[in-house]
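The next block holds one structure in the form of C-alpha coordinates; read it before the comments.
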Amino acid sequence: MANTGQFNLEDYCVRLAESAKKASAELRNLSGETKNSWLLRSAAELRQAVGAIMTANAKDLDRAPQFGLTTAQIDRLRLDEKRIEQIAVGLEEIAGLPDPIGEVLDSSRRPNGLDVSRVRVPLGVVFFVYESRPNVTADAAAICLKSCNAVILRGGKEAYYSSRAIVDVLLSVGTDVGVPEHAVQLVDIADREAVGHFLQLDSFIDVAIPRGGESLIRRVAEQAKMPVIKHYTGNCHVYVDATAELEMAVNILVNSKCQRPGVCNACETLLIHADVARDYLPALGQALQKEQVLLRACEKSAPHLEGSEGATEDDFGTEYLDLILAVKVVENTDAAIEHINHYGSGHTDAIVTSDLRTARHFVTQIDSSAVMVNSSTRFNDGSQFGLGAEIGISTDKLHARGPCGLRELTTYKYVCFGDGLIREG
(Lines give C-alpha, C1' and ligand atoms only; values in the text may rest on other atoms or scores of the structure.)
Protein backbone atom coordinates (compact mmCIF):
# COMPACT_ATOMS: atom_id res chain seq x y z
CA MET A 1 0.00 0.00 0.00
CA ALA A 2 1.03 3.58 -0.62
CA ASN A 3 2.97 5.60 1.94
CA THR A 4 0.52 8.26 3.20
CA GLY A 5 3.40 10.52 4.20
CA GLN A 6 4.14 11.33 0.57
CA PHE A 7 0.89 13.17 -0.09
CA ASN A 8 -2.22 14.64 1.48
CA LEU A 9 -4.64 11.86 2.44
CA GLU A 10 -7.79 13.94 2.11
CA ASP A 11 -6.78 15.11 -1.37
CA TYR A 12 -6.15 11.51 -2.39
CA CYS A 13 -9.64 10.46 -1.28
CA VAL A 14 -11.30 13.39 -3.04
CA ARG A 15 -9.39 12.61 -6.24
CA LEU A 16 -10.61 8.99 -6.26
CA ALA A 17 -14.19 10.04 -5.49
CA GLU A 18 -14.22 12.70 -8.22
CA SER A 19 -12.86 10.20 -10.72
CA ALA A 20 -15.51 7.66 -9.73
CA LYS A 21 -18.27 10.26 -10.17
CA LYS A 22 -17.06 11.04 -13.67
CA ALA A 23 -16.82 7.34 -14.50
CA SER A 24 -20.36 6.73 -13.23
CA ALA A 25 -21.69 9.19 -15.82
CA GLU A 26 -19.74 7.44 -18.57
CA LEU A 27 -20.99 4.03 -17.44
CA ARG A 28 -24.60 5.00 -18.22
CA ASN A 29 -23.69 4.82 -21.92
CA LEU A 30 -21.94 1.46 -21.66
CA SER A 31 -23.71 -1.24 -23.66
CA GLY A 32 -24.74 -4.56 -22.19
CA GLU A 33 -22.52 -6.24 -24.76
CA THR A 34 -19.46 -4.36 -23.54
CA LYS A 35 -20.20 -5.13 -19.89
CA ASN A 36 -20.64 -8.82 -20.60
CA SER A 37 -17.49 -8.90 -22.70
CA TRP A 38 -15.58 -7.42 -19.77
CA LEU A 39 -17.00 -10.02 -17.39
CA LEU A 40 -16.31 -13.01 -19.64
CA ARG A 41 -12.81 -11.90 -20.61
CA SER A 42 -12.01 -11.10 -16.97
CA ALA A 43 -13.06 -14.61 -15.99
CA ALA A 44 -10.75 -16.07 -18.63
CA GLU A 45 -7.84 -13.83 -17.60
CA LEU A 46 -8.29 -14.69 -13.91
CA ARG A 47 -7.88 -18.35 -14.84
CA GLN A 48 -4.72 -17.51 -16.76
CA ALA A 49 -3.39 -15.46 -13.85
CA VAL A 50 -4.02 -18.09 -11.19
CA GLY A 51 -0.30 -18.47 -10.45
CA ALA A 52 0.25 -14.74 -9.97
CA ILE A 53 -2.85 -14.42 -7.83
CA MET A 54 -1.84 -17.31 -5.59
CA THR A 55 1.66 -15.82 -5.23
CA ALA A 56 0.09 -12.53 -4.13
CA ASN A 57 -2.21 -14.40 -1.77
CA ALA A 58 0.76 -16.18 -0.24
CA LYS A 59 2.17 -12.76 0.73
CA ASP A 60 -1.06 -11.98 2.54
CA LEU A 61 -1.09 -15.36 4.28
CA ASP A 62 2.52 -14.87 5.40
CA ARG A 63 1.49 -11.59 7.04
CA ALA A 64 -1.65 -13.02 8.68
CA PRO A 65 -0.02 -13.73 12.08
CA GLN A 66 1.05 -10.12 12.51
CA PHE A 67 -2.56 -9.02 12.10
CA GLY A 68 -3.78 -11.55 14.67
CA LEU A 69 -6.22 -13.25 12.30
CA THR A 70 -8.27 -16.15 13.63
CA THR A 71 -8.38 -19.54 11.91
CA ALA A 72 -11.74 -18.62 10.38
CA GLN A 73 -10.39 -15.29 9.12
CA ILE A 74 -7.38 -16.98 7.57
CA ASP A 75 -9.75 -19.39 5.82
CA ARG A 76 -11.65 -16.44 4.34
CA LEU A 77 -8.36 -14.92 3.22
CA ARG A 78 -6.96 -18.05 1.58
CA LEU A 79 -7.16 -18.51 -2.21
CA ASP A 80 -6.43 -21.71 -4.10
CA GLU A 81 -7.14 -22.88 -7.64
CA LYS A 82 -10.64 -24.00 -6.71
CA ARG A 83 -11.57 -20.67 -5.13
CA ILE A 84 -10.12 -18.69 -8.02
CA GLU A 85 -12.14 -20.88 -10.38
CA GLN A 86 -15.23 -20.05 -8.31
CA ILE A 87 -14.47 -16.35 -8.70
CA ALA A 88 -14.23 -16.78 -12.46
CA VAL A 89 -17.47 -18.77 -12.61
CA GLY A 90 -19.16 -16.05 -10.57
CA LEU A 91 -18.22 -13.45 -13.19
CA GLU A 92 -19.57 -15.67 -15.95
CA GLU A 93 -22.83 -16.14 -14.07
CA ILE A 94 -23.23 -12.38 -13.70
CA ALA A 95 -22.62 -11.99 -17.44
CA GLY A 96 -25.47 -14.42 -18.06
CA LEU A 97 -27.97 -12.45 -15.96
CA PRO A 98 -30.38 -9.94 -17.53
CA ASP A 99 -29.07 -6.39 -17.60
CA PRO A 100 -31.15 -4.47 -15.06
CA ILE A 101 -30.41 -1.00 -16.42
CA GLY A 102 -33.21 0.44 -18.52
CA GLU A 103 -35.77 -2.12 -17.38
CA VAL A 104 -39.26 -0.62 -17.35
CA LEU A 105 -40.75 -1.52 -13.99
CA ASP A 106 -44.25 -0.31 -14.84
CA SER A 107 -45.95 2.19 -17.12
CA SER A 108 -49.31 3.81 -17.65
CA ARG A 109 -51.03 6.44 -19.75
CA ARG A 110 -52.78 9.21 -17.89
CA PRO A 111 -56.19 10.49 -19.04
CA ASN A 112 -54.48 13.59 -20.45
CA GLY A 113 -52.26 11.44 -22.69
CA LEU A 114 -49.07 11.60 -20.59
CA ASP A 115 -47.12 8.32 -20.75
CA VAL A 116 -45.51 7.65 -17.35
CA SER A 117 -42.90 4.92 -16.83
CA ARG A 118 -40.65 3.85 -13.96
CA VAL A 119 -37.25 2.89 -15.34
CA ARG A 120 -34.42 1.14 -13.49
CA VAL A 121 -31.20 3.19 -13.21
CA PRO A 122 -27.87 2.80 -11.35
CA LEU A 123 -27.27 4.24 -7.90
CA GLY A 124 -24.13 6.03 -9.13
CA VAL A 125 -20.96 5.65 -7.04
CA VAL A 126 -20.57 2.87 -4.46
CA PHE A 127 -17.98 3.08 -1.68
CA PHE A 128 -17.45 -0.53 -0.62
CA VAL A 129 -15.56 -1.18 2.62
CA TYR A 130 -14.75 -4.81 3.40
CA GLU A 131 -12.34 -6.98 5.34
CA SER A 132 -10.03 -9.86 4.40
CA ARG A 133 -12.10 -11.49 1.65
CA PRO A 134 -10.21 -11.22 -1.67
CA ASN A 135 -12.95 -13.09 -3.57
CA VAL A 136 -15.33 -10.29 -2.61
CA THR A 137 -13.12 -7.87 -4.55
CA ALA A 138 -14.08 -9.50 -7.85
CA ASP A 139 -17.73 -10.01 -6.87
CA ALA A 140 -18.20 -6.36 -5.90
CA ALA A 141 -16.46 -5.00 -8.99
CA ALA A 142 -18.50 -7.28 -11.26
CA ILE A 143 -21.88 -6.50 -9.73
CA CYS A 144 -21.22 -2.77 -9.64
CA LEU A 145 -20.03 -2.53 -13.22
CA LYS A 146 -22.82 -4.71 -14.64
CA SER A 147 -25.33 -2.41 -12.88
CA CYS A 148 -23.45 0.65 -14.24
CA ASN A 149 -22.18 1.81 -10.85
CA ALA A 150 -18.63 3.04 -10.35
CA VAL A 151 -17.07 1.45 -7.28
CA ILE A 152 -14.32 2.46 -4.86
CA LEU A 153 -12.99 -0.70 -3.22
CA ARG A 154 -11.51 -0.31 0.23
CA GLY A 155 -10.48 -3.82 1.23
CA GLY A 156 -8.76 -4.86 4.42
CA LYS A 157 -4.99 -4.48 4.55
CA GLU A 158 -4.81 -8.19 5.41
CA ALA A 159 -5.84 -9.05 1.82
CA TYR A 160 -4.18 -6.16 -0.01
CA TYR A 161 -1.83 -8.12 -2.28
CA SER A 162 -4.55 -10.59 -3.29
CA SER A 163 -7.06 -7.82 -4.03
CA ARG A 164 -4.46 -5.83 -5.95
CA ALA A 165 -3.65 -8.82 -8.18
CA ILE A 166 -7.35 -9.41 -8.91
CA VAL A 167 -8.09 -5.75 -9.64
CA ASP A 168 -5.07 -5.48 -11.94
CA VAL A 169 -6.55 -8.25 -14.09
CA LEU A 170 -9.96 -6.54 -14.15
CA LEU A 171 -8.46 -3.16 -15.07
CA SER A 172 -6.31 -4.62 -17.83
CA VAL A 173 -9.34 -6.23 -19.45
CA GLY A 174 -11.39 -3.06 -18.91
CA THR A 175 -8.87 -1.01 -20.87
CA ASP A 176 -9.07 -3.47 -23.76
CA VAL A 177 -12.87 -3.52 -24.03
CA GLY A 178 -13.58 0.17 -23.37
CA VAL A 179 -14.69 0.30 -19.74
CA PRO A 180 -14.27 3.83 -18.25
CA GLU A 181 -10.83 4.18 -16.68
CA HIS A 182 -11.98 4.85 -13.11
CA ALA A 183 -15.08 2.64 -13.01
CA VAL A 184 -13.26 0.30 -10.60
CA GLN A 185 -10.71 1.73 -8.17
CA LEU A 186 -8.86 0.02 -5.32
CA VAL A 187 -7.80 2.22 -2.42
CA ASP A 188 -4.03 1.89 -1.97
CA ILE A 189 -4.00 3.43 1.49
CA ALA A 190 -3.78 1.36 4.67
CA ASP A 191 -4.54 4.34 6.90
CA ARG A 192 -7.92 3.84 8.62
CA GLU A 193 -8.49 7.59 8.39
CA ALA A 194 -9.01 7.17 4.65
CA VAL A 195 -12.36 5.52 5.33
CA GLY A 196 -13.44 8.51 7.39
CA HIS A 197 -12.55 10.89 4.58
CA PHE A 198 -14.49 8.91 1.98
CA LEU A 199 -17.54 8.80 4.25
CA GLN A 200 -17.74 12.60 4.19
CA LEU A 201 -17.81 12.82 0.37
CA ASP A 202 -21.55 12.59 -0.19
CA SER A 203 -21.32 15.02 -3.09
CA PHE A 204 -19.46 12.31 -5.05
CA ILE A 205 -20.44 9.00 -3.40
CA ASP A 206 -24.06 7.86 -3.49
CA VAL A 207 -24.03 4.89 -1.13
CA ALA A 208 -21.61 3.21 1.28
CA ILE A 209 -21.69 -0.56 1.79
CA PRO A 210 -19.62 -2.00 4.65
CA ARG A 211 -19.02 -5.75 4.82
CA GLY A 212 -17.17 -7.16 7.77
CA GLY A 213 -17.20 -7.13 11.56
CA GLU A 214 -19.76 -5.30 13.63
CA SER A 215 -17.32 -2.58 14.72
CA LEU A 216 -16.53 -1.71 11.09
CA ILE A 217 -20.18 -1.56 10.12
CA ARG A 218 -21.15 0.58 13.10
CA ARG A 219 -18.31 2.97 12.38
CA VAL A 220 -19.42 3.39 8.77
CA ALA A 221 -23.08 3.81 9.75
CA GLU A 222 -22.19 6.45 12.34
CA GLN A 223 -19.79 8.48 10.20
CA ALA A 224 -21.28 8.28 6.71
CA LYS A 225 -23.02 11.32 5.23
CA MET A 226 -24.46 9.19 2.43
CA PRO A 227 -26.95 6.28 2.80
CA VAL A 228 -25.50 2.99 4.09
CA ILE A 229 -26.60 -0.56 3.20
CA LYS A 230 -25.51 -2.75 6.10
CA HIS A 231 -25.83 -5.72 8.36
CA TYR A 232 -24.29 -5.66 11.80
CA THR A 233 -24.13 -9.36 12.66
CA GLY A 234 -25.22 -12.76 11.39
CA ASN A 235 -26.65 -14.33 14.54
CA CYS A 236 -28.49 -17.14 12.73
CA HIS A 237 -30.65 -19.91 14.20
CA VAL A 238 -31.84 -23.41 13.38
CA TYR A 239 -35.05 -24.44 15.15
CA VAL A 240 -35.82 -28.18 15.29
CA ASP A 241 -39.59 -28.59 15.63
CA ALA A 242 -41.35 -31.48 17.37
CA THR A 243 -42.27 -32.98 13.98
CA ALA A 244 -38.78 -32.74 12.49
CA GLU A 245 -37.13 -35.82 11.02
CA LEU A 246 -33.97 -36.49 13.03
CA GLU A 247 -31.70 -37.34 10.09
CA MET A 248 -32.79 -34.20 8.25
CA ALA A 249 -32.26 -32.09 11.37
CA VAL A 250 -28.74 -33.47 11.84
CA ASN A 251 -27.75 -32.83 8.22
CA ILE A 252 -29.16 -29.30 8.15
CA LEU A 253 -27.65 -28.32 11.47
CA VAL A 254 -24.17 -29.68 10.69
CA ASN A 255 -24.15 -27.95 7.31
CA SER A 256 -25.45 -24.68 8.75
CA LYS A 257 -22.81 -24.63 11.49
CA CYS A 258 -19.80 -26.44 10.12
CA GLN A 259 -19.48 -26.02 6.36
CA ARG A 260 -17.91 -22.56 6.81
CA PRO A 261 -18.29 -21.43 10.43
CA GLY A 262 -16.60 -18.08 9.82
CA VAL A 263 -19.25 -16.63 7.48
CA CYS A 264 -22.30 -14.54 8.31
CA ASN A 265 -24.92 -17.13 7.30
CA ALA A 266 -23.52 -19.86 9.58
CA CYS A 267 -25.80 -21.01 12.39
CA GLU A 268 -24.89 -19.74 15.86
CA THR A 269 -27.77 -21.11 17.97
CA LEU A 270 -29.73 -24.37 17.94
CA LEU A 271 -33.26 -24.22 19.33
CA ILE A 272 -35.10 -27.49 19.88
CA HIS A 273 -38.68 -28.27 20.84
CA ALA A 274 -38.97 -29.69 24.35
CA ASP A 275 -41.00 -32.69 23.13
CA VAL A 276 -38.04 -34.09 21.15
CA ALA A 277 -35.09 -32.67 23.07
CA ARG A 278 -34.44 -35.83 25.07
CA ASP A 279 -34.54 -38.08 21.99
CA TYR A 280 -32.82 -35.78 19.48
CA LEU A 281 -30.15 -33.87 21.37
CA PRO A 282 -27.73 -36.77 21.93
CA ALA A 283 -27.59 -37.52 18.19
CA LEU A 284 -27.36 -33.84 17.27
CA GLY A 285 -24.62 -33.32 19.84
CA GLN A 286 -22.59 -36.30 18.67
CA ALA A 287 -22.75 -35.15 15.06
CA LEU A 288 -21.57 -31.67 16.02
CA GLN A 289 -18.81 -32.92 18.30
CA LYS A 290 -17.46 -35.06 15.46
CA GLU A 291 -16.94 -31.71 13.72
CA GLN A 292 -15.21 -30.41 16.89
CA VAL A 293 -18.00 -27.96 17.71
CA LEU A 294 -18.01 -26.65 21.29
CA LEU A 295 -21.56 -26.69 22.66
CA ARG A 296 -22.80 -24.11 25.14
CA ALA A 297 -26.04 -25.51 26.48
CA CYS A 298 -28.93 -24.21 28.54
CA GLU A 299 -29.91 -26.02 31.76
CA LYS A 300 -32.55 -28.14 30.00
CA SER A 301 -30.32 -29.21 27.12
CA ALA A 302 -27.06 -29.78 29.01
CA PRO A 303 -28.04 -33.19 30.49
CA HIS A 304 -28.49 -34.56 26.96
CA LEU A 305 -25.25 -33.11 25.54
CA GLU A 306 -22.18 -34.88 26.86
CA GLY A 307 -19.16 -32.60 27.13
CA SER A 308 -21.10 -29.36 26.74
CA GLU A 309 -20.49 -26.16 28.67
CA GLY A 310 -23.11 -24.07 30.40
CA ALA A 311 -24.58 -21.26 28.31
CA THR A 312 -24.83 -17.70 29.59
CA GLU A 313 -27.28 -15.02 28.51
CA ASP A 314 -24.58 -13.45 26.35
CA ASP A 315 -24.08 -16.67 24.39
CA PHE A 316 -27.49 -16.41 22.79
CA GLY A 317 -26.71 -12.96 21.41
CA THR A 318 -23.25 -13.81 20.10
CA GLU A 319 -22.09 -14.24 16.52
CA TYR A 320 -19.23 -16.68 17.14
CA LEU A 321 -17.93 -17.07 13.58
CA ASP A 322 -16.23 -20.18 14.95
CA LEU A 323 -16.95 -23.81 15.84
CA ILE A 324 -19.05 -22.81 18.86
CA LEU A 325 -22.82 -23.28 19.11
CA ALA A 326 -25.34 -22.17 21.71
CA VAL A 327 -28.17 -24.64 22.43
CA LYS A 328 -31.54 -24.01 24.04
CA VAL A 329 -34.66 -26.09 24.62
CA VAL A 330 -37.91 -24.18 23.95
CA GLU A 331 -41.43 -25.16 24.93
CA ASN A 332 -43.01 -24.62 21.51
CA THR A 333 -42.69 -22.87 18.16
CA ASP A 334 -43.92 -19.54 19.50
CA ALA A 335 -41.18 -19.64 22.13
CA ALA A 336 -38.63 -20.28 19.38
CA ILE A 337 -39.99 -17.36 17.37
CA GLU A 338 -39.85 -15.09 20.42
CA HIS A 339 -36.25 -16.12 21.12
CA ILE A 340 -35.14 -15.54 17.53
CA ASN A 341 -36.82 -12.16 17.19
CA HIS A 342 -35.27 -11.09 20.51
CA TYR A 343 -31.71 -12.37 20.12
CA GLY A 344 -31.38 -12.67 16.35
CA SER A 345 -29.90 -10.13 13.99
CA GLY A 346 -32.50 -10.38 11.23
CA HIS A 347 -30.10 -12.26 8.94
CA THR A 348 -31.06 -15.93 8.38
CA ASP A 349 -33.15 -18.33 10.45
CA ALA A 350 -34.28 -21.88 9.68
CA ILE A 351 -36.94 -24.33 10.81
CA VAL A 352 -36.82 -28.11 10.44
CA THR A 353 -40.36 -29.47 10.51
CA SER A 354 -42.76 -31.89 8.85
CA ASP A 355 -45.78 -29.72 9.60
CA LEU A 356 -46.69 -27.26 6.84
CA ARG A 357 -48.86 -25.11 9.12
CA THR A 358 -46.00 -24.76 11.59
CA ALA A 359 -43.62 -23.86 8.79
CA ARG A 360 -45.98 -21.17 7.48
CA HIS A 361 -46.46 -19.74 10.98
CA PHE A 362 -42.67 -19.62 11.49
CA VAL A 363 -42.09 -17.95 8.13
CA THR A 364 -44.75 -15.34 8.82
CA GLN A 365 -43.53 -14.43 12.29
CA ILE A 366 -39.74 -14.46 11.90
CA ASP A 367 -38.50 -10.96 11.03
CA SER A 368 -35.33 -11.80 9.10
CA SER A 369 -33.97 -11.16 5.62
CA ALA A 370 -34.26 -14.88 4.80
CA VAL A 371 -36.26 -17.66 6.44
CA MET A 372 -35.38 -21.22 5.49
CA VAL A 373 -37.72 -24.21 5.74
CA ASN A 374 -36.03 -27.61 5.86
CA SER A 375 -32.85 -26.16 4.37
CA SER A 376 -29.53 -24.86 5.61
CA THR A 377 -28.95 -21.26 6.65
CA ARG A 378 -25.94 -21.38 4.32
CA PHE A 379 -28.25 -20.92 1.33
CA ASN A 380 -28.77 -17.21 2.09
CA ASP A 381 -26.23 -16.23 -0.52
CA GLY A 382 -26.39 -14.32 -3.79
CA SER A 383 -25.13 -17.17 -5.96
CA GLN A 384 -27.49 -19.67 -4.30
CA PHE A 385 -30.45 -17.35 -4.86
CA GLY A 386 -29.65 -16.96 -8.56
CA LEU A 387 -28.19 -13.45 -8.27
CA GLY A 388 -24.81 -14.51 -9.68
CA ALA A 389 -22.99 -13.02 -6.70
CA GLU A 390 -23.60 -10.40 -4.04
CA ILE A 391 -21.95 -7.32 -2.65
CA GLY A 392 -23.31 -8.16 0.80
CA ILE A 393 -26.35 -9.41 2.69
CA SER A 394 -28.42 -6.56 4.07
CA THR A 395 -30.44 -6.83 7.26
CA ASP A 396 -31.83 -3.36 6.62
CA LYS A 397 -35.39 -2.98 5.36
CA LEU A 398 -34.60 0.06 3.21
CA HIS A 399 -33.24 0.23 0.46
CA ALA A 400 -32.43 -3.46 0.08
CA ARG A 401 -32.85 -6.61 2.16
CA GLY A 402 -31.06 -9.94 1.95
CA PRO A 403 -28.39 -10.65 -0.70
CA CYS A 404 -27.59 -7.49 -2.67
CA GLY A 405 -27.09 -8.32 -6.32
CA LEU A 406 -27.61 -6.38 -9.52
CA ARG A 407 -31.14 -5.11 -8.89
CA GLU A 408 -30.32 -4.09 -5.33
CA LEU A 409 -27.65 -1.73 -6.70
CA THR A 410 -30.23 0.17 -8.74
CA THR A 411 -32.97 2.66 -8.10
CA TYR A 412 -35.51 4.07 -10.53
CA LYS A 413 -36.57 7.29 -12.13
CA TYR A 414 -39.80 8.37 -13.77
CA VAL A 415 -39.68 8.96 -17.51
CA CYS A 416 -42.63 10.83 -19.02
CA PHE A 417 -43.57 11.35 -22.69
CA GLY A 418 -46.11 13.83 -23.96
CA ASP A 419 -46.91 15.69 -27.17
CA GLY A 420 -46.74 19.26 -26.01
CA LEU A 421 -48.78 18.68 -22.86
CA ILE A 422 -48.98 21.46 -20.30
CA ARG A 423 -50.54 21.32 -16.85
CA GLU A 424 -53.65 23.32 -16.16
CA GLY A 425 -54.90 23.84 -12.63
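Predicted model only: the values in this text are computed from it and were never measured. Side-chain atoms are counted along with the backbone in the values below, which use heavy atoms only and exclude waters and symmetry mates.
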Only pairs at least two apart or in different chains count here, so list each salt bridge (Lys or Arg N to Asp or Glu O under 4.0 Å) that has a residue in residues 62-73. Asp60-Arg63
Pick one: which of His237, Glu268, Glu313 meets side chain to side chain donor-acceptor pair (under 3.5 Å) with Tyr343? Glu313
Atom [atom1] of residue position [X] - does it have more than 12 heavy atoms of other residues, nucleotides or ligands inside 6.0 Å?
X      : atom1 : answer
Phe385 : CZ    : yes
Leu105 : CG    : yes
Gln384 : CD    : yes
Lys300 : NZ    : no

With distance as the sole test, does Ser368 use its side chain to make a donor-acceptor pair with the main-chain N or O of Val371 at under 3.5 Å? no
Salt bridge flag under 4.0 Å for residues [X] and [Y]:
X      : Y      : value
Arg401 : Asp367 : yes
Asp11  : Arg15  : no
Glu214 : Arg218 : yes

All side chain to side chain donor-acceptor pair (under 3.5 Å) counterparts of [X], not counting sequence neighbours:
X      : value
Arg260 : Asp75
Asp396 : Lys230
Arg118 : Asp106
Arg120 : Glu103, Thr410

Partners passing ring pair (Phe, Tyr, Trp, His ring centres under 6.0 Å) against [X] (at least two apart in sequence or in another chain):
X      : result
His231 : His347
Tyr280 : none
His273 : none

Applying salt bridge (Lys or Arg N to Asp or Glu O under 4.0 Å), name anything that partners Glu26, two or more places apart in sequence or on another chain. none
Check: residues 286-299 side-chain donor-acceptor pairs under 3.5 Å, at least two apart:
{"residue": "Gln289", "atom": "NE2", "partner": "Glu306", "partner atom": "O", "Å": "2.5"}
{"residue": "Arg296", "atom": "NH1", "partner": "Asp315", "partner atom": "OD1", "Å": "3.2"}

Residue pairs passing the ring-ring contact (aromatic ring centres under 6.0 Å, His included) test where at least one lies in residues 20-66, sequence neighbours excluded: none
Which pairs of donor and acceptor atoms, one on a side chain in residues 195-209, lie under 3.5 Å apart (sequence neighbours left out)?
{"residue": "Gln200", "atom": "NE2", "partner": "Gln223", "partner atom": "O", "Å": "3.0"}
{"residue": "Asp206", "atom": "OD2", "partner": "Val125", "partner atom": "N", "Å": "2.8"}

State whether Phe128 and Arg211 meet the cation-pi test: NZ (Lys) or CZ (Arg) under 6.0 Å from the six-membered ring centroid, and within 45° of the perpendicular axis. no
